[in-house]
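Each remark here refers to the structure printed beneath this line.
Letters A, B, ... are given to chains in the order of the sequence lines, protein chains preceding strands, and every chain is numbered from 1.
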Amino acid sequence: MKNLEIAWIISKIADLAELKGENPYKVMAYRNAAENIKKLDVDITELYKKNELLSIPGVGQNIAAKIEEIIETGKSKYYEELKKEAPRDYEKILRIPGLGSSRLRMILQQLPIKDINDLKKAAKAKKIRKLPGLGPKTEQAILTNVKIQENKKNLKPLIFALPVAEEIVNLLNKLDFVEKGVIVGSIRRKKEMIKNINLLIQTTSPERVAKIIKKMPGVEDVSSEGDVITVDMVMGIRAFIHLTRNDFYTKLQHFTGSKAHNIKLKQIAQQRGFELSETGLFKEHTKIVVEAEEDVYTKLGLQYIPPELREDRGEIEAALEHDLPELITLQDIKGDLHIHTNWSDGLNNIEEIAEQARKMGYNYIAITDHSKSLKIANGLTEDELIKQRNYIKKLNKNFKGIEILAGIEVDIRKDGSLDYSDDILKKMDVVIASVHSGFNQDEYTLTKRLIKAMENKHVNIIAHPTGRLLGKREPYKININDVFKKAIENNIVLEINASPDRLDLKDVHCREAKKMGIKMVINTDAHEKSNLYDMEFGVQNARRGWIEKKDIINTKSLKDLKQILSRKL
DNA sequence: GCCGTTTTCGGCCCGACTGTTTTCAGTCG
């Protein structure tokens with residue numbers, strides 16, 4: 001068992017304990033411990049061997065004992081017992097808005113409900129509205145949202161699937177009978193939601209690989225058919241491990257997908273007198289030597305297509321014309337313009353953030369804490385903001401190598417007004433505006449609200465424009481085209497939020513915005529210094545949206561950036 | 001359940017909104 005699986009079990013214990021009605025602070029303690037385990041940069045089994053589990057923040061005697069049990073037996077009795085008491089798909093049920101653990105617990109005490117289907121039946125039979133504190137609206141919410149949850153088909157965010165895939169592939173790559181192992185499929189294409197993990201492993205001994213996989217940590221069930229081993233992981237995701245002895249690069253191309261991309265590519269191959277399959281590229285039944293994945297494309301007369309573009313969204317046509325975009329890379333990024341510190345709800349102070357950014361080779365950053373109406377995030381009052389701005393000015397004098405811009409993430413209130421006056425906003429280097437409340441307003445109201453904020457001449461950037469949280473919260477209803485038009489009209493920069501929970505704007509929106517000539521910025525929205533590394537996810541998402549260096553303002557020099565930020569009508 | 005201490009117990013993020021009530025509990029961010 002590794003950090004990831006242990007953290008996952010501890011966090012599931014938190015969810016189930018909450019459902020059971022345990023002390024909320026106990027629940028919080030489990031959640032906190034799980035977060036800290038996930039963040040460890042050492043192997044937790046090593047800590048256990050050295051008897052140092054208690055050195056993990058948030059882990060005391062009790063949780064340490066559970067970790068020990070999981071390491072020793074692969075299981076936690078407490079977790080297994082809690083699971084038995086809960087409905088099978090409690091996670092899906094709890095994603096229904098308005099139905100939290102407290103109400104669900106009450107429902108479970110009154111009605112015999114074993115899964116989400118039973119809940120749907122109860123709602124249909126109008127049994128929910130009869131329960132104390134619940135009424136027809138909650139019943140209706142259950143009915144409409146059960147459908148949404150049922151349609152989700154177990155897709156997991158990339159950030160959930162990727163570390164699991166990396167863990168398996170790293171383990172296999174250490175074996176001397178594995179020549180090379182790589183992640184393929186939708187994870188390689190950096191799709192935001194993932195159904196299955198796909199790995200391609202070239203090995204001299206498929207049998208020995210199969211044996212190792214059976215004994216791998218975090219595995220629940222293994223079956224194998226032909227060259228594919230199917231692995232069901234404890235964390236509820238399935239991995240397909242494709243084993244091969246040869247033809248690595250045509251297989252790499254094949255298993256990376258997408259299906260639609262491959263179908264079209266094969267058609268092109270045929271038209272040009274080739275035959276392309278996973279076992280090789282052939283011309284007149286003669287196998288052509290393929291020594292890299294690039295060869296598959298170049299031998300067919302195409303430009304090499306990066307995995308992020310392989311969705312049959314016009315990339316093959318563009319590659320035929322040698323007209324693919326020159327996709328942005330992580331190295332193009334010169335700074336991060338959306339960062340929180342411990343002045344509001346961030347973990348680190350400004351100096352720690354700046355130091356980290358300097359280490360990453362950035363030329364500039366913007367500190368953009370929350371504004372006063374976001375009480376839960378300890379939003380800054382006007383006085384505090386001015387104080388912070390002055391502090392940053394002083395800091396810049398003795399902080400060499402990087403420029404710290406004084407910014408703010410100002411809240412867009414329900415009527416579209418901002419919660420600071422123009423007098424305050426005009427003093428800031430960067431003004432980010434964003435929505436943090438009233439998500440269920442209708443499309444007309446929400447769009448009007450965003451547009452009103454974009455009309456403020458001090459606003460530079462709209463952050464996480466659609467407000468979605470992957471796998472957790474739907475985007476709020478806005479007319480994205482109207483927002484795009486306003487962005488052009490008022491010279492507003494739209495954010496591509498790099499937080500792996502958000503990726504907002506999403507890939508197809510990035511592409512539309514680019515076509516319209518809208519300027520964008522890739523920001524992490526970091527709440528602690530390690531989040532600055534999330535930039536990678538933002539860049540990948542942007543690449544899926546055909547974004548180039550020139551489309552993104554934080555690839556510019558400090559001088560050019562300042563010019564853009566000081567724009568105003 | 002964890003943590004810190006003025007240490008073995010008290011505090012742990014908190015306010016607005018919603019749907020249900022008719023004064024409030026639960027949910028959400």
message = Please determine whether a side-chain nitrogen of the Lys or Arg among K2(A) and E5(A) lies less than 4.0 Å from a carboxylate oxygen of the Asp or Glu.
response = no

ask   = Please give, in whole Å, the distance from dA25(B) C1' to L104(A) CG?
value = 16 Å

key: Interatomic distance where CD belongs to Q441(A) and P belongs to dG29(B) [whole Å]   = 14 Å

key: Watson-Crick or G-U wobble partner of dT8(B), both distances under 3.5 Å   = none

key: Separation of dC28(B) C1' from I96(A) CD1 (nearest whole Å)   = 16 Å

query = Between dT20(B) and dC13(B), how far is it from one P atom to the other, in whole Å?
reply = 31 Å

inquiry  = Tell me whether D504(A) is salt-bridged to R468(A), with the criterion being a basic N under 4.0 Å from an acidic carboxylate O.
reply    = no

ask   = Within the structure shown, what part of the strands sits under 4.0 Å from V27(A) by heavy-atom distance: base, sugar-phosphate, or nothing?
value = nothing

key: Pairing residues for H370(A) by the ring pair (Phe, Tyr, Trp, His ring centres under 6.0 Å) criterion, not counting sequence neighbours   = H340(A), H436(A), H527(A)

task = Can you sort out the partners of D336(A) under salt bridge (Lys or Arg N to Asp or Glu O under 4.0 Å), two or more places apart, ordered by chain and number?
result = none

request  = Give a yes or no answer on whether the side chain of R129(A) reaches the backbone of E139(A) with a donor-acceptor pair at less than 3.5 Å.
outcome  = no

query = What's the closest nucleotide to the H436(A) side chain, out of dG1(B), dG29(B), dC28(B)?
reply = dG29(B)

request  = Would you mind reporting whether N117(A) and K121(A) have side-chain heavy atoms less than 4.5 Å apart?
outcome  = yes

request  = Using heavy atoms to find the nearest nucleotide of DNA chain B for S437(A) and I56(A) separately, return the residue whose nucleotide is more 5′.
outcome  = I56(A)

ask   = Just checking, is any N or O donor in the side chain of Q356(A) or Y362(A) under 3.5 Å from an acceptor N or O on the other one?
value = no

ask   = Contact class for Q61(A) vs. all strands (heavy atom < 4.0 Å): base, sugar-phosphate, or nothing?
value = sugar-phosphate

Collect all protein-nucleotide pairs involving nucleotides 17-23 of chain B in which both atoms are nitrogen or oxygen and the distance is under 3.5 Å.
unit_1  : atom_1 : unit_2  : atom_2 : d
dT20(B) : OP1    : G135(A) : N      : 2.6
dT20(B) : OP1    : G135(A) : O      : 3.1
dT20(B) : OP1    : K137(A) : N      : 3.4
dT20(B) : OP1    : T138(A) : N      : 3.4
dT20(B) : OP1    : T138(A) : OG1    : 3.1

remark   = Shortest non-hydrogen pair, A64(A) vs V59(A), comes out as N-CG1, 3.7 Å

inquiry  = What is the distance, to the nearest angstrom, from the CG atom on L54(A) to the P atom on dG1(B)?
reply    = 14 Å

query = Which ones in residues 342-352 of chain A lie close to DNA chain B, meaning a heavy atom under 4.0 Å from one of its atoms?
reply = none

ask   = Separation of L94(A) atom CG from dG26(B) atom P, in whole Å?
value = 15 Å

remark   = Per nearest nucleotide of DNA chain B, the residue lying toward the 5' end, K66(A) or G100(A), is K66(A)

query = To the nearest angstrom, how far is L19(A) atom CG from dG26(B) atom C1'?
reply = 14 Å

request  = Looking at every strand, decide which applies to R473(A) at a 4.0 Å heavy-atom threshold: base, sugar-phosphate, or nothing.
outcome  = sugar-phosphate

task = Check the distance between dT27(B)'s P and E18(A)'s CD and give it to me in whole angstrom.
result = 9 Å

request  = Determine the interatomic distance between C1' on dT6(B) and the same-named atom on dG11(B); round to the nearest Å.
outcome  = 15 Å

ask   = Quantified in whole Å, what is the P atom distance between nucleotide dT23(B) and nucleotide dC17(B)?
value = 22 Å

ask   = If you look at every strand shown and take non-hydrogen atoms under 4.0 Å, does P24(A) touch a base, only sugar-phosphate, or nothing?
value = nothing

query = What integer number of Å spans the C1' atoms of dT8(B) and dC2(B)?
reply = 13 Å

inquiry  = I'd like to know if the side chain of E352(A) and the backbone of N349(A) have a donor-acceptor N/O pair within less than 3.5 Å.
reply    = yes

Protein-nucleotide distance (H370(A), atom NE2; dG15(B), atom P), rounded to Å = 17 Å

Close side-chain approach of K506(A) to T466(A), heavy-atom, < 4.5 Å = no

Show each protein N/O and nucleotides 7-13 of chain B N/O combination with a separation under 3.5 Å, one pair to a line.
unit_1  : atom_1 : unit_2  : atom_2 : d
dC13(B) : O2     : I376(A) : O      : 3.0

task = Using a strict cut-off of less than 4.0 Å between a Lys/Arg side-chain nitrogen and an Asp/Glu carboxylate oxygen, indicate whether K77(A) and E80(A) qualify as a salt bridge.
result = no

ask   = Tell me, which pairs form a ring-ring contact (aromatic ring centres under 6.0 Å, His included) where one or both residues lie in residues 71-125 of chain A, sequence neighbours left out?
value = none

message = Between dT5(B) and dG10(B), how far apart are the two C1' atoms, rounded to whole Å?
response = 11 Å

key: The single option from N541(A), D534(A), L469(A) passing side chain to side chain contact (heavy atoms under 4.5 Å, CB included) against L503(A)   = N541(A)

